[in-house]
Amino acid sequence: TRELFMKAYDAINTTFSAVFQNLFGGGNASLSLTDPDDPLETGVDIFAQPPGKKIQNISLMSGGEKAQTALALLFAMFEYRTSPLCVLDEVDAPLDEANVIQLGQFLRKYRDTVQFVVMTHNKTTMEMVDSLYGVTMEEPGCSKMLSVKLGDSLTS
Amino acid sequence: TRELFMKAYDAINTTFSAVFQNLFGGGNASLSLTDPDDPLETGVDIFAQPPGKKIQNISLMSGGEKAQTALALLFAMFEYRTSPLCVLDEVDAPLDEANVIQLGQFLRKYRDTVQFVVMTHNKTTMEMVDSLYGVTMEEPGCSKMLSVKLGDSLTS
Amino acid sequence: YVIRKLRLFGFKSFPRETVIRFSPGITGIVGPNGCGKSNIADALLWVMGEQSFKNLRGGAMEDVVFNGSDKLAPMGMAEVELQLENLNPPEGEERFVTIQRQYFREGDAKYRINGKRVRLKDIQEFLLEIGLGSKSFAIIEQGRVSTLINARPEERRRMIEEAA
Amino acid sequence: YVIRKLRLFGFKSFPRETVIRFSPGITGIVGPNGCGKSNIADALLWVMGEQSFKNLRGGAMEDVVFNGSDKLAPMGMAEVELQLENLNPPEGEERFVTIQRQYFREGDAKYRINGKRVRLKDIQEFLLEIGLGSKSFAIIEQGRVSTLINARPEERRRMIEEAA
Ligand SMILES: Nc1ncnc2c1ncn2[C@@H]1O[C@H](COP(=O)(O)OP(=O)(O)OP(=O)(O)O)[C@@H](O)[C@H]1O
Ligand SMILES: Nc1ncnc2c1ncn2[C@@H]1O[C@H](COP(=O)(O)OP(=O)(O)OP(=O)(O)O)[C@@H](O)[C@H]1O
Ligand SMILES: [Mg+2]
Ligand SMILES: [Mg+2]
């Protein structure tokens with residue numbers, strides 16, 4: 001499993017820095033092993049440098065920068081170990097308008113290999129999906145689904 | 001300090017349930033002491049019942065319901081111990097459009113006694129403030145303030 | 001494999017039988033605060049074998065069963081079914097596979113694949129084979145997107161191991 | 001008392017002297033991700049006496065000092081000043097009060113009220129008198145609005161005690 005881990009780590013690290021540069025439009029990011037001599041026990045650190053800034057302790061990053069860096073790492077893991085399904089529950093909440101658009105474009109790149117289910121309150125995100133469901137509680141306490149886009153049968 | 005605590009607890013509990021009903025448009029909420037016999041050590045539990053729903057473990061509430069319940073408790077503490085300043089950093093992020101409007105109306109009720117500083121990405125929130133500042137990083141890594149509303153001198 | 005349909009019945013805030021059809025690409029789910037969006041994410045996590053009630057935001061596993069509302073009585077069972085389609089089924093294998101999970105208020109749990117009773121382990125093994133095994137990065141719950149960044153180095157290692 | 005002005009110089013992402021004037025009512029602060037909005041909340045928390053660098057999102061107190069950018073060199077000191085106005089000053093007291101905090105990269109810290117060197121304790125006592133003592137509910141940091149709900153019962157008690 002030592003080789004398995006190192007192979008995954010190397011591939012994910014390479015993709016992570018590519019996806020980071022794509023989402024941030026520049027800058028640098030990479031992973032590093034806290035104890036490279038012991039691949040079976042070592043932890044993994046994250047370095048991230050948004051464009052124009054110095055490399056700093058990731059705890060100093062802003063709420064939106066942390067979310068975007070996390071998404072970059074998530075997608076890197078996805079590329080390595082493609083899973084047919086990905087659920088993202090309001091991941092756009094900390095992002096500004098420009099980054100919400102960026103995230104939408106990014107998801108559309110993957111949509112041929114992954115099915116995404118995205119919960120959101122953001123109108124920009126709603127416009128980039130392929131099909132849209134609404135959930136209501138017309139009857140208090142009882143959830144009901146409505147299909148709000150692309151017609152077809154009303155699921156209920 | 002026993003009397004001090006109980007006096008604060010009773011007043012905050014009463015206001016909390018009134019503010020909760022105001023923010024949720026109904027329902028019930030209240031605090032309760034985990035160990036009423038020992039006011040000096042006891043913990044404080046929260047019960048919240050959004051309109052039309054049964055009372056449940058607050059961990060089952062949704063992201064937006066938790067945020068609104070927290071804001072109700074916060075404002076109740078504010079009423080008891082008015083402080084001249086309140087900073088709210090993106091507290092509207094988990095809220096839907098209707099609840100963002102509700103929060104804005106609520107803040108405007110208090111604005112004669114409290115100065116609010118509100119960080120947000122939400123356009124609806126931006127429209128309800130008295131003065132608005134923008135922060136930019138035209139020069140990467142270096143924050144600069146711009147006054148975007150109600151004219152006066154450009155701070156820099 | 002692709003996800004085709006999710007059916008909820010008596011799960012959390014869905015007392016009535018509810019079917020959600022998934023098309024390829026991106027499916028958006030919208031609605032007011034507290035209407036049941038994250039409960040759908042929980043249903044997906046649960047039917048795929050999630051055993052910790054904490055990860056389902058409950059105080060006990062019983063909290064997945066509809067607990068009643070102003071007008072409706074609590075139910076005795078929660079049921080979720082996930083239908084998957086194998087786009088290239090090998091000779092003799094089914095094109096559609098349905099996994100089902102039930103939980104009864106007294107504590108009984110039942111699992112089925114294509115209607116046949118199986119153990120939880122069988123469901124987890126099936127999902128592992130088709131790439132749905134590790135849910136830690138396939139389902140990002142509300143408010144937890146930055147967990148990867150805030151996690152300790154050892155926890156990040158575990159996530160990479162799951163992907164390996 | 002009302003808040004009139006906040007001045008930042010060398011604090012976090014504000015290397016240049018920056019003055020923010022507050023009017024009565026609600027002041028909004030907007031801008032793209034990572035531009036410095038939460039750093040302003042941190043500046044308010046810090047000048048009012050916050051001692052834990054963790055609550056300022058840093059790894060050490062030194063992280064409050066501007067650390068440089070692509071083009072600018074790191075600075076050696078962070079300084080924040082808060083000007084307050086007393087709407088009904090009693091006979092002989094100042095109408096305006098300015099509290100100032102400085103931190104030097106080597107570890108020195110200086111505090112001033114109206115230009116006169118004081119200890120941190122003096123600033124904290126002054127703020128307590130005017131109702132700005134307990135910051136736990138006056139400054140809600142990003143992502144922490146639901147902390148009151150997720151906290152343990154004893155922590156909630158402590159918050160109520162602060163308000164008492
Ligand atoms: N077992 C149960 N029985 C009945 N209702 C339940 C049960 N479990 C959860 N709920 C209800 O479901 C609601 C939460 O739903 P959910 O978290 O899915 O909302 P949401 O649509 O994600 O909202 P938000 O936009 O605020 O995140 C709560 O109000 C809760 O009372
Ligand atoms: N000591 C420092 N020196 C230089 N830059 C710093 C320092 N401390 C923090 N920063 C920078 O400040 C930025 C974060 O700013 P802040 O958290 O205020 O953003 P924000 O406007 O709140 O963004 P968001 O909308 O994403 O929450 C980070 O990019 C970080 O690099
Ligand atoms: Mg939700
Ligand atoms: Mg911020």
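Values below: every heavy atom of this structure, side chains too, minus hydrogens, waters and symmetry copies. In the text below, chain A, chain B and the rest are named by the order of the sequence lines, each starting its count at 1.
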Discussion item. Contact between B/Asp45 and D/Arg156 at the side-chain level, heavy atoms closer than 4.5 Å - yes or no?
Written reply: yes
Worksheet, complete the sentence: The reported gap from CD1 in B/Ile58 to CG in D/Asn150 (rounded to nearest 0.5 angstrom) is 7.0 Å
Response to the item:
Tightest non-hydrogen contact, residues D/Ala164 and B/Arg81, listed as O-NE, 4.2 Å
Item to complete: Name the region of B/Glu90, side chain, backbone, both or neither, that has any atom closer than 4.5 Å to a heavy atom of chain D.
Response: side chain
Worksheet entry | Side chain to side chain, B/Arg108 and D/Ile26, heavy atoms closer than 4.5 Å | yes
Practice prompt. Select one option (side chain, backbone, both, neither) describing which atoms of B/Glu41 are under 4.5 Å from chain D's heavy atoms.
Written response: backbone
Practice prompt. Answer yes or no: does atom CZ of D/Arg144 have more than 12 heavy-atom neighbours from other residues, nucleotides or ligands under 6.0 Å?
Written response: no
Worksheet item: To the nearest 0.5 Å, what is the distance between CE (B/Met145) and CZ (D/Phe14)?
Response: 6.0 Å
Discussion item. Within residues 25-35 of chain B, which residues come under 4.5 Å of chain D, heavy atom to heavy atom?
Written reply: B/Leu31, B/Thr34
Worksheet item: What residues form a ring-ring contact (aromatic ring centres under 6.0 Å, His included) with B/Phe5, not counting sequence neighbours?
Response: none
Worksheet item: So which heavy atom on B/Ala70 is nearest to which on D/Leu148, and how close?
Response: O-CD1, 3.7 Å
Discussion item. Is there a side-chain contact between B/Val129 and D/Thr27 in this structure, where contact means two heavy atoms from C-beta onward sitting under 4.5 Å apart?
Written reply: no
Practice prompt. Identify which part of D/Glu141 has an atom lying under 4.5 Å from any heavy atom of chain B, answering side chain, backbone, both or neither.
Written response: backbone
Response to the item:
Counting heavy-atom pairs under 4.5 angstrom with chain D, the leader among B/Asp112, B/Thr42, B/Thr125 is B/Thr42
Worksheet item: Per the side chain to side chain contact (heavy atoms under 4.5 Å, CB included) rule, which among D/Leu44, D/Ile40, D/Asp42, D/Leu45 passes with B/Val87?
Response: D/Leu44
Fill in: Side chain, backbone, both or neither of B/Ile12 within contact of chain D (heavy atoms, under 4.5 Å)
side chain
Practice prompt. Show the numbers, then the answer: is there a side-chain contact (heavy atoms from CB on, under 4.5 Å) between D/Thr18 and B/Lys144?
Written response: CA-CA 7 Å; D/Thr18 305; B/Lys144 187 182 145 92; over 6 Å; no
Worksheet item: Can you tell which of D/Gly28, D/Ser69, D/Ser23 has the highest number of heavy-atom pairs within less than 4.5 Å of chain B?
Response: D/Gly28
Fill in: Distance-minimising heavy-atom pair for B/Ser143 and D/Pro15
N-CD, 4.5 Å
Fill in: Straight-line distance of D/Ile149 CD1 to B/Lys66 NZ, nearest 0.5 Å
8.0 Å
Worksheet item: Do you know which of B/Glu139, B/Lys7, B/Gln68 has the most heavy-atom pairs under 4.5 Å to chain D?
Response: B/Glu139
Item to complete: Go through B/Phe116, B/Tyr80, B/Tyr110 and name the one with the most non-hydrogen pairs under 4.5 angstrom from chain D.
Response: B/Phe116
Worksheet item: Quick one: what part of B/Ala93 sits under 4.5 Å from any heavy atom of chain D, side chain, backbone, both or neither?
Response: neither
Fill in: Check: D/Ile140 main-chain N/O paired with B/Asp89 side-chain donor or acceptor under 3.5 Å
no
Fill in: Sub-4.5 Å side-chain heavy-atom contact between D/Glu155 and B/Val44
no
Item to complete: Flag yes if more than 12 heavy atoms outside D/Arg117 fall under 6.0 Å of its CZ atom; otherwise flag no.
Response: yes
Discussion item. Are more than 12 heavy atoms, taken from residues, nucleotides or ligands other than B/Asp38, located less than 6.0 Å from that residue's CG atom?
Written reply: yes
Worksheet item: Who passes side chain to side chain donor-acceptor pair (under 3.5 Å) against B/Ser59, sequence neighbours left out?
Response: B/Asn57
Worksheet, complete the sentence: Note: D/Arg21 and B/Tyr133 closest approach over all heavy atoms is O-OH, 2.6 Å
Worksheet item: To the nearest 0.5 Å, what is the distance between CG (D/Leu127) and OG (B/Ser83)?
Response: 9.5 Å
Discussion item. Which heavy atom of D/Ile160 sits nearest to which heavy atom of B/Met77, and what is that distance?
Written reply: N-CE, 4.1 Å
Practice prompt. Report, as yes or no, whether the 6.0 Å neighbourhood of atom NZ on B/Lys54 holds more than 12 heavy atoms from other residues, nucleotides or ligands.
Written response: yes
Worksheet item: OG/D/Ser38 to CE/B/Met119 distance, rounded to the nearest 0.5 angstrom?
Response: 6.5 Å
Discussion item. Is any side-chain heavy atom of B/Val117 closer than 4.5 Å to one of D/Phe22?
Written reply: yes
Worksheet item: B/Thr136, B/Leu71, B/Val91, B/Thr1: which one forms the most heavy-atom pairs within less than 4.5 Å of chain D?
Response: B/Val91
Worksheet item: With only heavy atoms counted, which part of D/Asn39 is less than 4.5 Å from chain B, the side chain, the backbone, both or neither?
Response: neither
Discussion item. Need one label for D/Leu72: side chain, backbone, both or neither, based on atoms under 4.5 Å from any heavy atom in chain B.
Written reply: side chain
Discussion item. I'd like to check the side chain to side chain donor-acceptor pair (under 3.5 Å) partners of D/Thr98; sequence neighbours left out, ordered by chain and number.
Written reply: none
Discussion item. Using every non-hydrogen atom in the two residues, find where D/Lys37 and B/Val135 come nearest and quote the distance to one decimal.
Written reply: CG-CG2, 4.2 Å
Worksheet item: With side chains defined as the heavy atoms from C-beta onward, is the minimum distance between D/Met48 and B/Leu85 less than 4.5 Å?
Response: yes
Discussion item. Do D/Arg16 and B/Cys142 have side chains that approach each other closer than 4.5 Å (heavy atoms only, starting at C-beta)?
Written reply: yes
Discussion item. What I'd like to find out is whether the side chain of D/Pro24 reaches to under 4.5 Å of the side chain of B/Arg111, using heavy atoms alone.
Written reply: no
Discussion item. As an exercise, state the distance from SG of D/Cys35 to CD of B/Glu138, rounded to the nearest 0.5 Å.
Written reply: 11.5 Å
